[in-house]
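Below is one structure, written out as structure tokens, with a few remarks after it.
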Amino acid sequence: METLFNLSMQFCLISACVFFIIFMYTSYIFYTENEKKATFRALLIGLLLPIPYIIAWHYSYNVFALVLFADIVLTALLFLYPFKTSKTICDDIPLNKIDERNVMFSRNELVVDSDVYKAYYEKYPEKKALDDAFRNEAGLCNEKSLFNHTFAFAAAHASFFAVGQFKKAVDGQINPNQKEISSEKMSAFLKPWAKKLGALDVNYCELKDYHWYSHKGRGDEYGSEVNNTHSHAIAFTVEMTEEMVQAAPQSSIVMESAQQYLDSGRIAIQIAEFLRHLGYSARAHIDGNYQVVCPLVARDSGLGEIGRMGLLMTPKQGPRVRLGVVTTDFPLKTKDRKKLNYMLDFCLHCKKCATVCPSKSISSDEPKLVEGVKRWQINSESCFTYWCKAGTDCGRCMAVCPYSHPDNLLHNAIRLGIKHSPLFRKIAAPLDDFFYGRKPKSKKLPEWMR
Ligand code: SF4
Ligand code: SF4
């Protein structure tokens with residue numbers, strides 16, 4: 001018994017030191033994030049939490065030390081226990097191909113009273129009133145919008161203009177002298193090179209029917225059937241910087257989105273041209289000129305899951321990314337996708353995006369059957385109408401998602417806890433609320449933009 005008491009005593013001293021260090025570090029991280037309330041709270045916990053352990057150790061309260069010891073061991077065991085998680089929180093495979101003409105960006109490009117416009121609303125009369133709502137607002141990057149910022153809107157325009165110049169380069173001549181390359185060699189080169197070009201994460205998948213849009217909805221090819229026969233895709237993410245996202249829905253978000261559409265577009269164009277130069281058919285899928293549904297391709301490549309807010313959530317940067325895709329006939333080496341069910345399970349508990357969404361477009365409910373597929377679906381009409389009012393692509397949901405926090409030891413430890421412990425998933429969201437607030441205010445625009 002004496003040995004156990006001695007062990008508990010030592011344990012108390014070590015625990016006090018560990019708690020102190022952890023919460024001092026936590027408070028430092030919050031300080032660097034300019035989160036005053038969170039800094040203070042972490043500091044307070046770091047000072048108060050070790051007190052009972054120090055008392056037990058200092059005054060040699062054997063029984064008290066043993067209780068604290070047992071408490072920590074039991075708590076640790078509880079968090080390590082593999083409670084069951086449902087395997088089918090969301091279904092993966094859409095039953096039908098998506099028609100790009102129904103996507104909000106395509107509907108926004110319809111010229112009022114044009115033949116295409118009339119034909120579209122003749123086919124979908126129920127969408128007319130919904131779309132009139134966003135047409136009655138100022139519009140994206142409009143000076144009459146809520147978050148007008150002359151420079152930021154001009155910068156976003158410049159990035160969209162630049163990516164527009166790429167549109168004709170998505171496809172091109174294929175070198176008739178095809179090089180013999182093994183899929184292993186190609187894969188080994190492509191990933192690091194894409195990262196060198198600026199991609200954050202890169203992976204491949206085999207293309208299925210549902211990855212392709214049924215019809216094009218934007219640009220000159222509006223209404224044409226998508227008949228691409230490429231067998232494989234390279235999907236990658238590019239990171240949206242924290243300081244630009246945190247001020248969402250203010251103007252920095254649209255500036256950053258446009259910049260990352262440009263960056264991902266440029267990388268996709270380079271990769272596609274590289275493959276064609278080696279003698280393989282390849283096409284870049286970039287802003288305004290897609291044939292594939294990028295989030296589905298990225299998810300099936302294993303880059304993340306499509307969460308409550310309808311965006312691809314990656315394990316490290318959450319939804320704070322933009323996507324790029326290249327399709328090709330080169331038989332890339334693919335692996336079976338590991339479903340990241342723990343991310344969807346966390347979404348079940350978290351609901352933070354639904355709480356903060358200014359247009360109430362995100363559901364707080366469990367996933368529902370949408371056209372025979374169990375999933376979350378946001379109200380894209382009310383979301384887009386808010387964009388047109390704000391003048392930006394809002395991104396408030398992206399900014400507050402606990403997965404969007406920076407890539408550092410503290411947040412990575414939380415992500416690890418979410419990944420491995422179903423119990424931790426239940427408390428991680430309230431913890432995030434405790435430090436950051438349930439409805440955190442937007443951060444200020446970066447200094448140089450004010
Ligand atoms: S905010 Fe929460 S519920 Fe929403 S996508 Fe992120 S993790 Fe899921
Ligand atoms: S972008 Fe804004 S309006 Fe749209 S779902 Fe996210 S929070 Fe809501």
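Indexing begins at 1, ligand by ligand and atom by atom, following the structure's order.
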Out of all atoms in ligand 2, which are within 4.0 Å of some heavy atom of [X]? Include the element for each.
{"X": "Ser359", "value": "3 (S), 8 (Fe)"}
{"X": "Ile362", "value": "5 (S)"}
{"X": "Cys357", "value": "3 (S), 5 (S), 7 (S), 8 (Fe)"}

For this session: Mark yes or no for whether Asp91, through its side chain, and Ile93, through its backbone, hold a donor-acceptor pair below 3.5 Å.
Result: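 A pair under 3.5 Å: no.
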Looking at [X] and [Y], does any basic side-chain N land under 4.0 Å from a carboxylate oxygen?
{"X": "Arg320", "Y": "Glu239", "answer": "yes"}
{"X": "Glu35", "Y": "Lys443", "answer": "yes"}
{"X": "Lys352", "Y": "Asp433", "answer": "yes"}
{"X": "Glu305", "Y": "Arg337", "answer": "yes"}
{"X": "Arg322", "Y": "Asp393", "answer": "yes"}

For [atom], which protein heavy atom lies nearest, and how many Å away is it?
{"atom": "atom 3 (S) of ligand 1", "answer": "Lys351 N, 3.3 Å"}
{"atom": "atom 4 (Fe) of ligand 2", "answer": "Cys383 SG, 2.4 Å"}
{"atom": "atom 8 (Fe) of ligand 1", "answer": "Cys347 SG, 2.3 Å"}
{"atom": "atom 6 (Fe) of ligand 1", "answer": "Cys401 SG, 2.4 Å"}
{"atom": "atom 1 (S) of ligand 1", "answer": "Cys353 N, 3.4 Å"}

For this session: Give a yes/no on ligand 1: does Cys350 have at least one heavy atom closer than 4.0 angstrom to it?
Result: yes
For this session: Would you mind telling me if ligand 2 is within reach of the side chain of Val356, the backbone, both or neither, using heavy atoms under 4.0 Å?
Result: neither
Problem set entry | Within 45° cone of Tyr386 ring axis and under 6.0 Å: Lys389 NZ or CZ |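 No.
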Exercise. For Phe434, is the NZ or CZ atom of Arg41 found under 6.0 angstrom from the centre of its six-membered ring and inside 45 degrees of the ring axis?
Worked result: yes
Exercise. Can you list the ligand 1 atoms lying under 4.0 Å from a non-hydrogen atom of Phe346?
Worked result: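 That gives atoms 7 (S) of ligand 1.
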Exercise. Only one of Lys374, Arg375, Lys339 forms a salt bridge (Lys or Arg N to Asp or Glu O under 4.0 Å) with Asp92, so which one is it?
Worked result: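 Checked Lys374, Arg375, Lys339 against Asp92; only one passes salt bridge (Lys or Arg N to Asp or Glu O under 4.0 Å): Lys339.
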Exercise. Mind checking whether Trp387 has a heavy atom under 4.0 Å from ligand 2?
Worked result: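 Contact present.
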For this session: Check whether any N, O or S atom of Cys397, backbone or side chain, sits closer than 2.8 Å to atom 6 (Fe) of ligand 2.
Result: yes
Exercise. Heavy-atom distance to atom 2 (Fe) of ligand 2: which of Ala354, Cys394, Pro358, Ala399 wins?
Worked result: Cys394
Problem set entry | Mode of Met313 contact toward ligand 1 - side chain, backbone, both, neither (heavy atoms, under 4.0 Å) |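 Just the side chain.
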Problem set entry | Part of Pro402 within contact of ligand 1 (heavy atoms, under 4.0 Å) |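 Side chain only.
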Exercise. Would you say the side chains of Ser224 and His215 form a donor-acceptor pair under 3.5 Å?
Worked result: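 Result is no, nothing qualifies.
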